[in-house]
Amino acid sequence: MSDYNTTNFTNPSTFILLGIPGLETAHIWISIPFCTMYAIALLGNFTILFIVKTEPSLHEPIFYFLCMLAITDLVTSTTTLPKMLSIFWFNSREISFSACLTQMYLIHCFSAMESGILLAMAFDRYVAICNPLRHSTILTNSVVAKIGLAVVLRSGILTLPYPLLARQWPYCRTNIIPHSYCRHIAVLKIACGDIRISSYYGLFHLFSVIGMDIFFIAVSYTQILRAIFRLPTKDARLKTFRTCISHLCAIFALYIPDFFSSFTQRFGQNVPLHFLVLFASVYLLVPPVLHPIIYGVRTKQIRDRLLQLFTHKET
């Protein structure tokens, strides 16, 4: 490791990713659940895309949004896991400066995109429950496409300062990143000079994107719950609420680990580094693994289509 330390990294050509600092001897064992989760994420999300594409009855706004969610999950996990596994299996720790910044951008961009898609899905649930007769006229294919484009543009533009600012930082102490991937806050910590703008922008991005999405999701569900409680019977209320359970599980799977990881990385000085890095590495895989399972189990149309595929193969 000392071979990588010199006195001047103002313009480093490469960074060194340590993997899980302090747990290097366990990298092979750690790689087993990571590789398994990645395989499940790939299989599950490609299955969702295949089923929605081949089943005409699923060509509805909520399933279009689900496909967008599957694509973001595939990109997010594929951006980090192959390099992470190469560290665990082959001790391949070097990553070029440009590749590191690209990975940083894609991770934060698609995480923000995922949040925007969950907000769009909350809007879909709001219209479906609170204004069901106008659902098909409000959420047309054109509107869904515009929402998707808005989510992509918002995420792409607001995440752009991350790599642009990181490219300007001086790296005068080390080029070793004590992390398994090029997360913004991890790269920030090895830079020197005045990096307050980048740090403040990271918090601004967290609250302006994720925070605002959570606020509007909460507003949507407040209206949804009000509509549910106005239904005449308990069975009707339960049946309507069940249509939201998959979406609520997806929300919790993304936001709870995301906020916990973001705040502990910034303010958890007493938390062991290996725990912070391990959690930050795992939480990127949690939504890609859980989303196909949640929607596959909870959504009747997808579940029925899966059963048809399996029974057809058996016959």
Side-chain angles (χ1 to χ4, degrees), residues 9-18 38 41 45 68-87 92-119 148-171 175-191 193 195-213 254-255 257-259 261-262 265-266 277 280-281 283-288:
F9 288 101
T10 303
N11 295 296
S13 59
T14 60
F15 284 121
I16 308 301
L17 293 167
L18 292 186
Y38 183 47
N45 285 290
M68 295 178 198
L69 197 63
I71 292 170
T72 62
D73 285 339
L74 287 168
V75 174
T76 301
S77 56
T78 302
T79 298
T80 55
L81 257 295
K83 180 58 183 178
M84 205 180 295
L85 291 174
S86 72
I87 296 172
S92 176
R93 300 182 176 188
E94 288 194 5
I95 183 170
S96 71
F97 184 66
S98 297
C100 184
L101 297 187
T102 301
Q103 187 186 61
M104 177 197 298
Y105 176 77
L106 290 175
I107 290 168
H108 293 283
C109 177
F110 279 85
S111 294
M113 211 177 293
E114 190 167 352
S115 177
I117 294 167
L118 289 179
L119 174 59
L149 180 61
V151 168
V152 170
L153 290 176
R154 183 195 69 160
S155 304
I157 293 170
L158 289 181
T159 309
L160 200 56
Y162 279 166
L164 293 180
L165 289 170
R167 186 173 289 277
Q168 308 304 317
W169 298 337
Y171 298 89
N175 68 337
I176 299 174
I177 302 174
H179 213 290
S180 56
Y181 59 91
C182 290
R183 191 175 183 179
H184 175 254
I185 190 66
V187 180
L188 181 73
K189 286 182 176 180
I190 68 166
I195 53 175
R196 286 177 297 178
I197 293 176
S198 296
S199 181
Y200 293 152
Y201 186 80
L203 289 173
F204 166 77
H205 185 268
L206 179 66
F207 285 105
S208 65
V209 176
I210 309 296
M212 290 300 292
D213 287 350
L254 175 66
Y255 291 127
D258 193 7
F259 270 93
S261 180
S262 295
Q265 286 282 346
R266 283 178 168 83
V277 176
S281 302
Y283 102 87
L284 280 181
L285 271 177
V286 170

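Since the structure is predicted, the reported quantities are computational estimates derived from the model, not experimental observations.
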Show me the side-chain donor-acceptor pairs of residues 110-119 shorter than 3.5 Å, one per line, residues at least two apart or across chains.
from: S111; atom 1: OG; to: I107; atom 2: O; distance (Å): 2.8
from: S115; atom 1: OG; to: D213; atom 2: OD2; distance (Å): 2.6
from: S115; atom 1: OG; to: Y255; atom 2: OH; distance (Å): 2.6

(message) I'd like to know if the side chain of K189 reaches the main chain of I177, judged simply by a donor and an acceptor atom lying under 3.5 Å from each other, with no hydrogens or angles considered.
(response) no
(request) Would you check if the side chain of H108 reaches a backbone N or O of H184 as a donor-acceptor pair within less than 3.5 Å? (result) yes
(request) Please identify each residue that fulfils side-chain contact (heavy atoms from CB on, under 4.5 Å) with I197, with sequence neighbours left out. (result) L165
(request) Mind checking side-chain contact (heavy atoms from CB on, under 4.5 Å) for A150 and listing every partner two or more places apart, or none if nothing turns up? (result) none
(message) Could you check whether any side-chain N or O of Y181 sits under 3.5 Å from a backbone N or O of T79, counting only pairs where one atom can act as donor and the other as acceptor?
(response) no
(message) Pair I16, E94 - check side-chain contact (heavy atoms from CB on, under 4.5 Å), show working.
(response) CA-CA 5 Å; I16 308 301; E94 288 194 5; 3.5 Å; yes
(message) To the nearest 0.5 Å, what is the distance between CZ on R154 and SG on C109?
(response) 10.0 Å
(request) Could you tell me the separation between the CG atom of L18 and the CZ atom of R93, rounded to the nearest 0.5 Å? (result) 5.5 Å
(request) Kindly write out the residues that satisfy side chain to side chain donor-acceptor pair (under 3.5 Å) with S77, not counting sequence neighbours, or none if the list is empty. (result) none
(message) Suppose we screen for side-chain contact (heavy atoms from CB on, under 4.5 Å). Which residues come up paired with P163, at least two apart in sequence or across chains?
(response) L101, Y105
(request) Sequence neighbours left out, what passes side chain to side chain donor-acceptor pair (under 3.5 Å) with T78? Give chain and number order. (result) Y38
(message) Using the side-chain contact (heavy atoms from CB on, under 4.5 Å) criterion, which residues pair with I195? Sequence neighbours excluded.
(response) W169, L188, A191
(request) Only counting residues at least two apart or in another chain, list the ones meeting disulfide bond (SG atoms under 2.5 Å apart) with C100. (result) C182
(request) Mind checking the CD1-OG spacing from I185 to S198? Nearest 0.5 Å is all I need. (result) 9.5 Å
(request) Just say parallel, tilted or perpendicular for the rings of F97 and Y171, cut-offs at 30° and 60°. (result) perpendicular
(request) Could you tell me which residues satisfy ring-ring contact (aromatic ring centres under 6.0 Å, His included) with F204, sequence neighbours excluded, listed by chain and number? (result) Y201
(message) With a 3.5 Å distance limit and no angle check, can you tell me whether K83 reaches the backbone of S180 through a side-chain donor-acceptor pair?
(response) no
(request) Grab the two heavy atoms, one from P287 and one from Y283, that are nearest each other, plus how far apart they are. (result) CD-O, 3.1 Å
(message) So S155 and H205, do their side chains get closer than 4.5 Å, heavy atoms only?
(response) no
(request) Would you give the length of the straight line joining atom CE of M104 to atom CZ of R167, rounded to the nearest 0.5 angstrom? (result) 10.5 Å
(request) Mind checking the CG-OG1 spacing from L285 to T80? Nearest 0.5 Å is all I need. (result) 6.0 Å
(message) Tell me whether D73 contacts the main-chain N or O of A41 through its side chain, where contact means a donor paired with an acceptor under 3.5 Å.
(response) no
